[in-house]
Amino acid sequence: MEHRHVGRTGLRVSRIGLGTLTWARDTGEREAADLLKTFWEAGGTLVDTADVYADGGAEYLLGRLMADLVPRRDLVIATKAGGVPDPDRRFDCSRGHLLAALDASLERLGTDHVDLWQIHAYDPVTPLEETLQAVDTAVSSGRARYAGVVGFCGWQLAKAAAWQLAAPGERTRLAGTQMEYSLLQRGVEREVLPAALDLGIGLLPSSPLGRGVLTGKYRDGTPPDSRGASEHLAPFVAPYLDDTAARIVDAVAIAADGLAVTPLQVALAWVRDRPGVAAPIVGARTARQLGEILSVESLSLPDEICRALDDVSAPVHRYPDHDWSTL
């Protein structure tokens with residue numbers, strides 16, 4: 001598998017990342033082991049997790065697999081901190097919480113450092129400079145090699161990145177930002193992606209297959225073994241089962257037929273090769289599904305297919321997002 005730098009940093013990752021959102025909840029240890037081994041054998045390195053996935057269970061499971069199955073040195077481990085199980089305050093990005101959470105993550109993962117430590121959300125009640133001080137402490141102490149953010153909108157990302165760049169050598173520049181990005185969700189193209197490109201931050205797209213809808217499996221209903229049929233994941237899939245999404249999925253299916261590949265491969269190749277993208281983060285339930293995902297490595301979409309998909313999925317950009325010179 002090819003590797004890419006994450007933004008303008010020295011961090012290199014496989015251009016497809018493996019997500020662990022369902023590990024230790026819907027995905028058991030045996031299935032997770034099959035997924036990680038398949039990913040590793042294909043040359044994959046980036047494994048993305050979080051301290052809140054299965055209340056820490058995903059990190060703990062990944063740690064066990066690194067101890068017994070795949071060498072730690074062969075993986076780029078990315079985790080997140082800042083999420084809290086409090087309905088009144090979903091995120092706590094205070095310095096105290098973040099650093100304590102990082103220590104707990106390291107213990108569960110069974111390692112002395114993570115390669116990419118990500119702030120899981122923008123916390124409006126904690127001063128941003130306090131949050132970023134935790135990032136600097138994590139990196140300067142060696143507990144994290146690189147840092148990034150998750151779910152920051154355009155101005156939040158620009159503010160955080162500019163603050164870090166204002167003191168080169170003293171503060172840690174942000175390497176990556178993780179945001180949902182797919183043919184069904186191109187909102188990051190308005191402000192987040194332009195900011196990331198300008199500031200040298202790599203984009204790690206989550207849900208690059210439109211929460212599974214771009215695979216085409218929902219075209220004729222909801223398969224009983226799909227996430228859309230799961231009680232706790234059905235609301236996650238539902239927003240992408242409307243008429244607009246159906247038109248885009250149909251276009252992806254037509255492109256796939258013409259190229260003799262699958263809709264999954266077309267959708268993933270499109271987002272993987274968008275400007276500014278470092279590595280889409282994919283989830284899979286089985287090693288067979290992951291094998292199909294990894295087979296996209298050999299696929300590059302023709303320019304005319306990319307243009308057609310761009311057109312059918314184009315988001316509406318109006319004032320002030322639109323280029324003022326054309327108004």
Side-chain angles (χ1 to χ4, degrees), residues 6-7 9 11 13 17-23 46-56 58-59 62 76-86 89-95 97-99 101-102 104-105 109 114-126 128 130-136 138-139 143-161 163-164 172-182 185-193 195-197 199-208 211 236 271 276-283:
V6 181
T9 72
L11 177 61
V13 298
L18 178 64
T20 64
L21 174 64
T22 63
W23 285 25
L46 176 60
V47 182
D48 181 76
T49 189
D51 63 346
V52 293
Y53 291 174
D55 297 324
E59 287 182 331
L62 177 57
V76 176
I77 301 301
T79 194
K80 312 175 191 73
V84 292
D86 184 343
R89 184 183 183 185
R90 294 182 57 203
F91 300 101
D92 180 354
C93 295
S94 64
R95 181 170 53 243
H97 174 79
L98 289 175
L99 293 176
L102 175 56
S105 289
L109 288 165
V114 293
D115 300 287
L116 178 62
W117 190 47
Q118 302 162 101
I119 305 303
H120 210 157
Y122 184 87
D123 179 1
V125 301
T126 298
L128 181 59
E130 178 181 332
T131 297
L132 295 173
Q133 284 172 358
V135 167
D136 296 335
V139 174
R143 287 176 281 177
R145 298 295 191 254
Y146 294 87
V149 296
V150 179
F152 278 39
C153 70
W155 72 263
Q156 294 164 351
L157 177 64
K159 182 179 179 180
W163 177 268
Q164 294 303 94
T172 303
R173 75 174 298 151
L174 298 181
T177 180
Q178 189 171 150
M179 295 286 286
E180 185 169 352
Y181 188 28
S182 73
Q185 179 51 271
R186 294 176 61 182
V188 296
E189 294 177 7
R190 293 186 176 93
E191 291 191 342
V192 173
L193 190 52
L197 286 166
L199 292 161
I201 298 170
L203 180 64
L204 301 171
S206 59
S207 297
R211 307 181 185 186
F236 181 66
V271 71
V277 169
I281 307 297
V282 298

Seminar exercise, completed: Value for CG (Leu116) from OH (Tyr146), rounded to nearest 0.5 Å, stands at 10.0 Å
Exercise. Can you tell if the side chain of Pro205 reaches within under 4.5 Å of the side chain of Val277, non-hydrogen atoms only?
Worked result: yes
For this session: Quick one: pull up OG in Ser206 and CD1 in Ile281 and give me the separation to the nearest 0.5 Å.
Result: 8.0 Å
Exercise. Can Thr172 and Gln164 be counted as having a side-chain donor-acceptor contact under 3.5 angstrom?
Worked result: no
Problem set entry | Donor-acceptor under 3.5 Å (Gln185 side chain, Gly187 main chain) | yes
Exercise. To the nearest 0.5 Å, what is the distance between CZ (Arg186) and CD (Glu180)?
Worked result: 14.0 Å
Exercise. Do Val282 and Pro208 have side-chain heavy atoms sitting under 4.5 Å apart?
Worked result: yes
Problem set entry | Non-hydrogen atoms of Thr177 and Ala196 that approach each other most closely | CG2-CB, 4.4 Å
For this session: Please report the shortest heavy-atom distance between Gly82 and Asp51, naming the atom on each side.
Result: N-OD2, 4.3 Å
Problem set entry | Separation of Leu157 CG from Ile201 CD1 (nearest 0.5 Å) | 4.0 Å
Exercise. Do Trp163 and Leu128 come close enough that some side-chain heavy atom pair is under 4.5 Å?
Worked result: no
For this session: Flag the pair Leu98 / Thr131 as yes when at least one side-chain heavy-atom distance between them is below 4.5 Å, and no otherwise.
Result: yes
Problem set entry | Qualifying residue for side-chain contact (heavy atoms from CB on, under 4.5 Å) with His120, from Gln178, Lys80, Arg90 | Lys80
For this session: Go through Leu203 and Met179 one step at a time and tell me if the side chain to side chain contact (heavy atoms under 4.5 Å, CB included) criterion holds.
Result: CA-CA 7 Å; Leu203 180 64; Met179 295 286 286; 4.1 Å; yes
For this session: State, yes or no, whether a side-chain contact exists between Trp23 and Leu18 at a heavy-atom distance under 4.5 Å.
Result: yes
For this session: Go through the steps for Asp48 and Thr20 under the test side chain to side chain contact (heavy atoms under 4.5 Å, CB included), then give the verdict.
Result: CA-CA 6 Å; Asp48 181 76; Thr20 64; 6.0 Å; no
For this session: Please confirm whether the backbone N or O of Val139 pairs with a side-chain atom of Arg145, one donor and one acceptor, at under 3.5 Å?
Result: no
Seminar exercise, completed: Sorted by chain and number, sequence neighbours left out, side-chain contact (heavy atoms from CB on, under 4.5 Å) with Arg143 holds for Leu99, Leu102, Asp103, Leu106, Thr137, Ser141
For this session: Would you indicate whether the side-chain heavy atoms of Glu189 and Tyr181 approach each other to under 4.5 Å?
Result: yes
For this session: Could you go through the side chain to side chain contact (heavy atoms under 4.5 Å, CB included) check for Ile77 and Leu62 one step at a time?
Result: CA-CA 10 Å; Ile77 301 301; Leu62 177 57; 3.9 Å; yes
Problem set entry | Glu59 versus Thr49, side-chain donor and acceptor atoms under 3.5 Å | no
Exercise. Of all heavy-atom pairs between Leu46 and Ala78, which one has the smallest distance, and what is that distance?
Worked result: CD1-CB, 4.1 Å
Problem set entry | Any donor-acceptor N/O pair, Thr9 side chain to Val6 backbone, under 3.5 Å | yes
Problem set entry | Which atom of Trp117 lies closest to which atom of Ala134, heavy atoms considered | CZ3-O, 3.7 Å
For this session: State the OH-NZ distance between Tyr122 and Lys159, to the nearest 0.5 angstrom.
Result: 4.5 Å
Problem set entry | Minimal non-hydrogen separation, Ala279 against Gly17, with atom names | CB-N, 4.3 Å
Exercise. Do Arg173 side-chain atoms and Leu199 backbone N/O form a donor-acceptor pair below 3.5 Å?
Worked result: yes
For this session: First locate atom CG of Leu204, then atom CD of Gln118, and finally report the distance between them rounded to the nearest 0.5 Å.
Result: 6.5 Å
For this session: Could you check Ile119 against Val135 for side chain to side chain contact (heavy atoms under 4.5 Å, CB included), going step by step and ending with a plain yes or no?
Result: CA-CA 8 Å; Ile119 305 303; Val135 167; 3.9 Å; yes
